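This is a predicted model, so every value here is computed, not measured. All residue numbers refer to positions in the sequence shown, counting from 1.
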Amino acid sequence: PTFLILPSSIFRVLIYFKYSLNISHTTTHNNTIGIEKRVYVESKSSRYYCCRHEKNSFNTHRFSTSYPRRYVIMLIYQFTSSLLWYCMLALRLHGEWVPRKGYVPTPEEERTKKAHHGSRVWKNTTVKLEDIERPKPGPGEVLLRIRACGICGSDIHMYEKDEEGYMLYPGLVGPLPVVIGHELSGEVIEVGSGVNQLKPGDPVTCEEMWWCGVCDPCRGGLPNHCVNLEEMGFTKDGGFAEYMVVPAKYCWKIDRLLDAYRSEDKMYEAGSLVEPTSVAYNAMFVRAGGFKPGAYVVVWGCGPIGLAC
């Protein structure tokens, strides 16, 4: 809700407030019961221990009675902290729907504001870091806490503009605004009804293309040609945010990467590279048919996808 945005911003200022309070450490503990955030607050005279649960119950222990003014500060902190549970930071792409001269959008494009060729309609695009409402998972969906998200060339091209002010990215985009970012990995925080293969705490990466599975191209093994296609970070909110909601069928566990990297941070970083690496794999082995040892190949461009080849 919009009325929660201002308290969220107040909280972000309050956590840096130097008047006798110093918020020293925040950790998140996962278990089979739910998610619990622990916030330790230290002052000059005592230590406060606060515990906020997923259902927003807030308990305080060892509350100091030294300074009445600290009661007020602590109450404000508790109130704004609980409101922050409903908000998050996100990087969103904005733009104006102005079809180029000579291009006539289809009736479906006009209705949905989802352009098959973004560079033909989206003008004066900008990106803004905003406080927005935190999403909630519906049936068949999961809520992720984003742990790593790469910057793709398409993210840059959606922001970059030509001499007429139109975005450079030529693919499927809209409606705007949308949270960009699609090379990501994250931790499952909450699951919706009907989700059985994932649970809170699972590390996952996600498919960028959200195919329907029922149209003719999908049934023919070409989900990238899905007639009902949605794309994470282009037509649906993506990973440049603190949290995002994803249909569970597009999530893949990456916990076995921990055996190789022996570090959660490195596991999530590697997980965010699955999407661009899959692009390289598809080009080499699916589209080109692969190659045998000793074959000569040419890699055109040495960006992340070129290096992945």
Side-chain angles (χ1 to χ4, degrees), residues 93 106 108-109 111-120 135 137-144 146 148-150 152-155 157-158 169-176 178-186 188 191-198 202-240 244-257 270-291 303-306 308-309:
L93 177 73
T106 66
E108 182 69 9
E109 286 180 312
R111 182 182 68 83
T112 62
K113 292 297 184 287
K114 183 165 70 174
H116 290 282
H117 304 282
S119 58
R120 297 182 183 180
E141 297 178 332
V142 297
L143 177 67
L144 302 183
I146 303 302
C149 189
C152 179
S154 57
D155 298 318
H157 297 329
M158 284 192 288
Y169 183 68
L172 187 67
V173 180
L176 300 185
V178 69
V179 179
I180 59 177
H182 56 274
E183 301 175 359
L184 62 89
S185 63
V188 176
V191 301
S193 60
V195 177
N196 302 313
Q197 70 272 33
L198 296 171
D202 282 343
V204 297
T205 189
C206 308
E207 297 182 36
E208 181 268 336
M209 291 188 168
W210 294 2
W211 38 271
C212 72
V214 297
C215 69
D216 287 344
C218 283
R219 295 172 64 192
L222 297 171
N224 55 318
H225 292 284
C226 174
V227 299
N228 302 306
L229 184 67
E230 301 286 358
E231 292 194 69
M232 175 177 66
F234 299 88
T235 68
K236 295 292 185 180
D237 285 342
F240 288 158
M244 70 172 292
V245 162
V246 186
K249 70 177 184 179
Y250 306 122
C251 295
W252 296 83
K253 293 183 183 180
I254 57 172
D255 50 310
R256 294 186 66 178
L257 290 177
S272 70
L273 294 173
V274 168
E275 194 274 342
T277 303
S278 299
V279 173
Y281 183 94
N282 183 72
M284 291 189 297
F285 298 107
V286 179
R287 297 297 299 274
F291 47 86
I305 293 176
C309 292

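The two residues Ile305 and Ala280 come nearest to each other via the heavy atoms O-CB, 3.7 Å. The two residues Pro217 and Cys226 come nearest to each other via the heavy atoms CB-N, 4.3 Å. Here the shortest heavy-atom pairing between Val178 and Pro175 reads CB-O, 3.9 Å. Across every non-hydrogen atom of Cys218 and Gly213, the tightest pair is SG-N, 3.3 Å. Of all non-hydrogen atoms in His182 and Ser154, the two that sit nearest each other are CE1-OG, 3.2 Å. Shortest non-hydrogen contact noted between Leu143 and Pro135 is CD1-O, 3.6 Å.
We find the NE2-CE distance between His225 and Met209 to be 8.5 Å, quoted to the nearest 0.5 Å. Atom CG in Leu198 sits 12.5 Å away from atom CD in Glu141 (nearest 0.5 Å). To the nearest 0.5 Å, atoms OH (Tyr169) and OG (Ser119) are separated by 10.0 Å. In this structure, Ile146 CD1 and Ser272 OG are separated by 10.5 Å, a value rounded to the nearest 0.5 Å. The CG atom of Leu93 sits 6.0 Å away from atom CD1 of Ile180, with the distance rounded to the nearest 0.5 Å. In this structure, CG in Leu229 is found 11.5 Å from CH2 in Trp211, a value given to the nearest 0.5 Å.
Between the side chain of Thr205 and the backbone N or O of Leu184 there is at least one donor-acceptor pair closer than 3.5 Å. Judged by distance alone, the side chain of Asp155 and the main-chain N or O of Cys152 form a donor-acceptor pair under 3.5 Å.
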List the steps, then state whether side chain to side chain contact (heavy atoms under 4.5 Å, CB included) holds for Val179 with Met244.
-> CA-CA 9 Å; Val179 179; Met244 70 172 292; over 6 Å; no
Would you sort out whether Glu207 and Trp252 count as a side chain to side chain contact (heavy atoms under 4.5 Å, CB included), showing the intermediate values?
-> CA-CA 8 Å; Glu207 297 182 36; Trp252 296 83; 2.9 Å; yes
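Heavy-atom neighbours of Tyr250 OH from other residues, nucleotides or ligands within 6.0 Å: above the threshold of 12. Heavy atoms of other residues, nucleotides or ligands lying less than 6.0 angstrom from NZ of Lys236 number 12 at most.
When each of Glu108, Glu109, Glu230, Glu231 is tested with Lys114 by the rule side-chain hydrogen bond (donor to acceptor under 3.5 Å, both in side chains), just one qualifies, namely Glu230.
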